Every structure is written in structure tokens, then in C-alpha cells.
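Structure first, commentary second.
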Amino acid sequence: MDFKSIIRDIPDFPQQGIMFRDITPLLAHPQGLTAVIQGFKTKIAELNIGEIDCIIGIESRGFILGASLAMALGCSFVPVRKPKKLPSAVFRVEYALEYGTDILEMHQDAIASGKRVMIIDDVIATGGTAAAASKLVEQSGAELVGYGFLIELDFLNGRKALPEVPIVSLVNY
Ligand code: AMP
């Protein structure tokens with residue numbers, strides 16, 4: 001499946017100068033999500049990183065892709081959320097945006113220490129969000145074994161912001 005031809009490009013959203021890569025047409029395609037998850041599975045298998053115990057999905061499109069991948073791999077799924085959404089005790093990380101800061105949280109008891117986890121999101125742009133999620137994994141004592149992104153914006157070189165673990169992406173711009 002040619003993902004790029006189905007992903008929709010929306011100029012100047014959510015602000016001037018941003019080309020938003022809208023994955024909703026791909027999710028709406030009857031075989032779209034299946035093809036994406038199959039793509040992730042193939043590329044992850046090629047990494048030879050061994051067993052994955054847990055997929056972490058970053059709010060909110062990372063939930064859709066991450067939970068689907070967790071089902072396909074037969075492993076657990078843990079959401080990383082925007083602040084004040086999770087009801088129990090959380091690990092929290094504050095990270096810099098172009099203007100101001102943002103916060104991500106994860107339940108403290110979501111992942112047991114030593115578990116092998118992979119972080120999933122729809123897009124890696126500057127890498128700031130995915131790097132922040134890795135700090136939550138660190139706080140939990142789990143082991144980050146890789147990252148998976150549906151879309152990578154190569155020109156922003158977000159990979160450089162991430163810890164040195166294998167990274168898979170299915171579509172590059
Ligand atoms: P960053 O922290 O800069 O890597 O941004 C990644 C987060 O912002 C992801 O959760 C994406 O969903 C979202 N994002 C950033 N840039 C785009 C884009 N051009 N199109 C769609 N989503 C984006």
C-alpha cells in the first residue's frame with residue numbers, strides 16, 4: 001500500500017508554515033490500519049531486537065497505532081498522556097517546545113522495572129515528544145529497546161534528539 005498517496009497534507013495547520021500530515025484517511029481506508037501494523041511488524045522483526053514486553057503509545061494518535069501494534073505482537077499497551085488525564089500516581093516529564101513547555105505523564109505502576117518497551121507515535125518531527133517519553137521509561141526502570149513512527153520528517157532530524165536505540169519509520173518526508 002502506498003501510504004504517502006493516502007496520507008493527506010494540510011498546509012498551515014495548526015499554525016502558519018506547518019504542513020500537517022493527516023493520517024485519518026489512512027485509518028479510514030478499510031485495509032489501512034492493517035497495512036500499517038504489518039509494516040511495523042516487518043520492520044521491527046528486521047531489527048532483531050528480541051522480545052518486546054510493552055508498547056507505549058503517545059497521546060493521541062500514538063494510542064491508535066500503539067494499541068493496534070500491541071494486539072498484533074501480543075504484548076501489553078501503556079498510554080503516555082498529556083497532564084492531569086491519568087487518575088493514579090504518575091511519573092512526569094516537562095519538555096521544551098518552540099514556545100514554552102509541555103508535560104507528559106505515565107502511571108508509575110504501568111510498567112515493571114526491567115521490562116523491554118518500544119515507544120510508538122504517528123509522527124516524529126523535532127523528536128522532543130518522543131525524547132520526553134523515553135525519560136518516563138527511564139523513571140520506570142524499564143528498558144527502552146526501540147522507537148516506531150508511521151511518519152518521519154527527515155529534514156528536522158528528530159532522531160538526533162533520541163536515545164541511541166533502533167528506530168523504524170514507514171514513511172519519510
Ligand atoms: P515533535 O515533538 O516535534 O517530534 O512532534 C511530534 C508530535 O507532534 C507528534 O505527536 C505528532 O503527532 C505531532 N506533529 C508534529 N509535526 C507534525 C506534522 N507535520 N503533522 C502531523 N503531526 C505532527
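For the single chain, residues carry numbers from 1 onward in sequence order. Both ligands and their constituent atoms are indexed starting at 1 by order of listing. Computed from a predicted model, the values in this text were never measured in an experiment.
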Checklist line | For atom 11 (C) of ligand 1, the option (of Ile10, Leu162, Asp122) bearing the nearest heavy atom | finding: Asp122

Next item on the list: For residues Val123 and Leu150, determine if any side-chain heavy atom of one lies less than 4.5 Å from a side-chain heavy atom of the other.
Entry: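 The answer is no, as the side chains (C-beta and beyond) never meet within the 4.5 Å cut-off.
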
Notebook entry, point to check: Can you check whether Leu73 reaches Leu69 side chain to side chain, under 4.5 Å on heavy atoms?
Noted result: yes

Compute the shortest N/O to N/O distance between [X] and ligand 1 and return yes if it is under 3.5 Å, no if not.
X	answer
Ala130	no
Thr129	yes
Phe20	no
Gly127	yes

Next item on the list: Kindly compute the distance separating CD1 (Ile55) from CE (Met118), expressed to the nearest 0.5 Å.
Entry: 6.0 Å

Next item on the list: Answer with side chain, backbone, both or neither: which part of Arg61 has a heavy atom less than 4.0 angstrom from an atom of ligand 1?
Entry: side chain

Checklist line | Side chain, backbone, both or neither: Ile58 near ligand 1, heavy atoms under 4.0 Å | finding: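 For Ile58, no heavy atom sits under 4.0 Å from ligand 1.
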
Quick check on contacts: which atoms of ligand 1 are under 4.0 angstrom from a heavy atom of [X]?
X	value
Leu153	19 (N)
Thr126	1 (P), 2 (O), 3 (O), 4 (O)
Asp121	9 (C), 10 (O)

